[in-house]
Amino acid sequence: MKVGIIGFGSMGSMLMHKFLEAGTVLEEDLFISNRTQEKLVEIFQKYPKVNICNNNADVVSSSDIIFYCVKPSDMREVAESTKKFVRKGQHICAVNACIRFNQLNSLFPDLSCSIVIPSVTGEVNKSVTLAAFNQQSTEKEIACIKTLMDSFSSVTIIPENELGICTDLTSCMPGFIASIFSIIVEEALSRSNLSKEEIHNMIITTILGTSKLCVDQKMPFDQIVERVATKGGITEEGTKVIRSDFPQIVKTLFQHTKERRERTMLNWAGYFSKKNE
Ligand SMILES: NC(=O)c1ccc[n+]([C@@H]2O[C@H](COP(=O)([O-])OP(=O)(O)OC[C@H]3O[C@@H](n4cnc5c(N)ncnc54)[C@H](OP(=O)(O)O)[C@@H]3O)[C@@H](O)[C@H]2O)c1
């Protein structure tokens with residue numbers, strides 16, 4: 001199986017490294033392009049047999065599965081400039097939560113396509129990859145994408161209408177978690193003589209331990225709260241504040257990400273209506 005990656009940024013480079021580390025794709029079966037060619041030089045040093053392509057068309061022409069790993073704002077141009085090189089039997093994989101199958105299929109008619117959303121935590125082999133497939137996708141293609149992504153993450157297949165909330169819960173979540181804890185670090189800093197590093201270490205060890213309780217002992221979140229927040233105790237005082245003030249923040253967060261996603265999708269819709277005029 002020959003695999004193409006267009007866009008060697010955060011996601012494209014992670015996919016390349018993970019496929020090669022796991023051995024799911026051979027170096028010589030991987031085809032990669034990027035707008036800024038200099039970025040691809042590093043590949044030669046570690047993986048000399050990987051095919052570095054001068055343009056996106058070469059990636060498309062040489063591959064069975066093509067991962068489009070560019071930002072949503074660049075996707076139009078890349079899809080438009082490569083569509084004439086795509087042929088039946090290939091599988092298009094959009095690493096983009098703001099595109100939908102009717103749009104992908106208007107560019108690549110009748111082609112089997114998927115929308116695949118990895119997470120940056122895949123770098124440490126602990127992540128969920130979301131995958132949605134269009135009707136043209138065959139069992140074999142679905143199995144193929146699953147094998148590729150399963151090698152470093154846990155694949156969850158979802159319908160395309162759930163992509164929004166599911167990306168908030170997976171690929172966006174490391175950013176949300178890190179934002180919350182960076183605020184906690186700042187507040188703890190202002191209330192003690194501890195160093196930032198000491199505070200950081202206390203928190204990350206506790207986050208890891210909490211995750212392990214959930215995973216190893218199958219403890220749901222509310223049970224952990226119950227175990228720690230004894231009635232009338234200090235933790236309970238804190239959890240009451242979270243219960244009363246945090247839900248509104250979460251509501252606003254989900255609303256804002258939804259609206260931001262919808263604006264990006266509207267841009268796409270505008271492009272398609274112009275194209276069809
Ligand atoms: N980052 C995440 O955690 C994450 C998680 C899940 C999904 N995603 C999705 O993954 C996609 C890629 O995101 P990213 O974070 O990897 O973005 P990124 O780091 O900005 O990488 C995008 C890459 O695309 C390249 N590119 C742009 N236009 C191109 C063109 N015409 N031809 C070839 N390459 C081109 C850029 O090249 P240059 O070197 O010239 O800039 C850059 O290397 C997005 O749809 C994003 O929403 C991201």
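When a ligand or atom number is given, it counts from 1 through the structure's own listing order.
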Using side chain to side chain donor-acceptor pair (under 3.5 Å), reason through N134 and S137 one step at a time and then give a plain yes or no. CA-CA 6 Å; N134 73 350; S137 303; 2.9 Å; yes
Side chain, backbone, both or neither: the part of V78 lying under 4.0 Å from ligand 1 by heavy atom: side chain
Work out which heavy atom in V116 is nearest to a heavy atom in I145; give both atom names and the distance. CG2-CG2, 4.0 Å
The side chain to side chain donor-acceptor pair (under 3.5 Å) partner of S112 among Q136, E141, K140 is E141
So the atoms of ligand 1 within less than 4.0 Å of a heavy atom of P118 turn out to be 5 (C), 6 (C)
Please could you name the atoms of ligand 1 that N96 approaches to less than 4.0 Å, counting only its heavy atoms? 45 (O)
If hydrogens are left out, which of R261, M14, K71 has an atom nearest to atom 17 (O) of ligand 1, that is, the closest non-hydrogen atom? K71
Exceeds 12 heavy-atom contacts within 6.0 angstrom, atom NE2 of H17: yes
Would you check whether I117 has a nitrogen or oxygen atom less than 3.5 angstrom from a nitrogen or oxygen atom of ligand 1? no
Determine whether the side chain, the backbone, both or neither of S10 has a heavy atom under 4.0 Å from any heavy atom of ligand 1. both
Is the closest side-chain heavy-atom distance between S63 and V3 below 4.5 Å? no
Answer yes when E187 and R191 have at least one side-chain N-carboxylate O distance shorter than 4.0 Å, and no when they do not. yes
Top protein contact for atom 4 (C) of ligand 1, by heavy-atom distance: M11 CE, 3.6 Å
Return the minimal non-hydrogen interatomic distance between I115 and I99, and the atom names on each side. CD1-O, 3.3 Å
Y47/F19 aromatic ring centres below 6.0 Å: no
Ignoring hydrogens, just give me the one of N34, D74, I32 whose non-hydrogen atom is nearest atom 36 (C) of ligand 1. N34
Contact check, S33 vs ligand 1, heavy-atom distance below 4.0 Å: no
For ligand 1, which is the ligand I care about here, please tell me if R35 has any N or O atom under 3.5 Å from one of the ligand's N or O atoms. yes
Which part of E77 is near ligand 1, with near meaning a heavy atom under 4.0 Å away: side chain, backbone, both or neither? side chain
Nearest heavy atom to atom 10 (O) of ligand 1: which of T121, T167, V95 does it belong to? V95
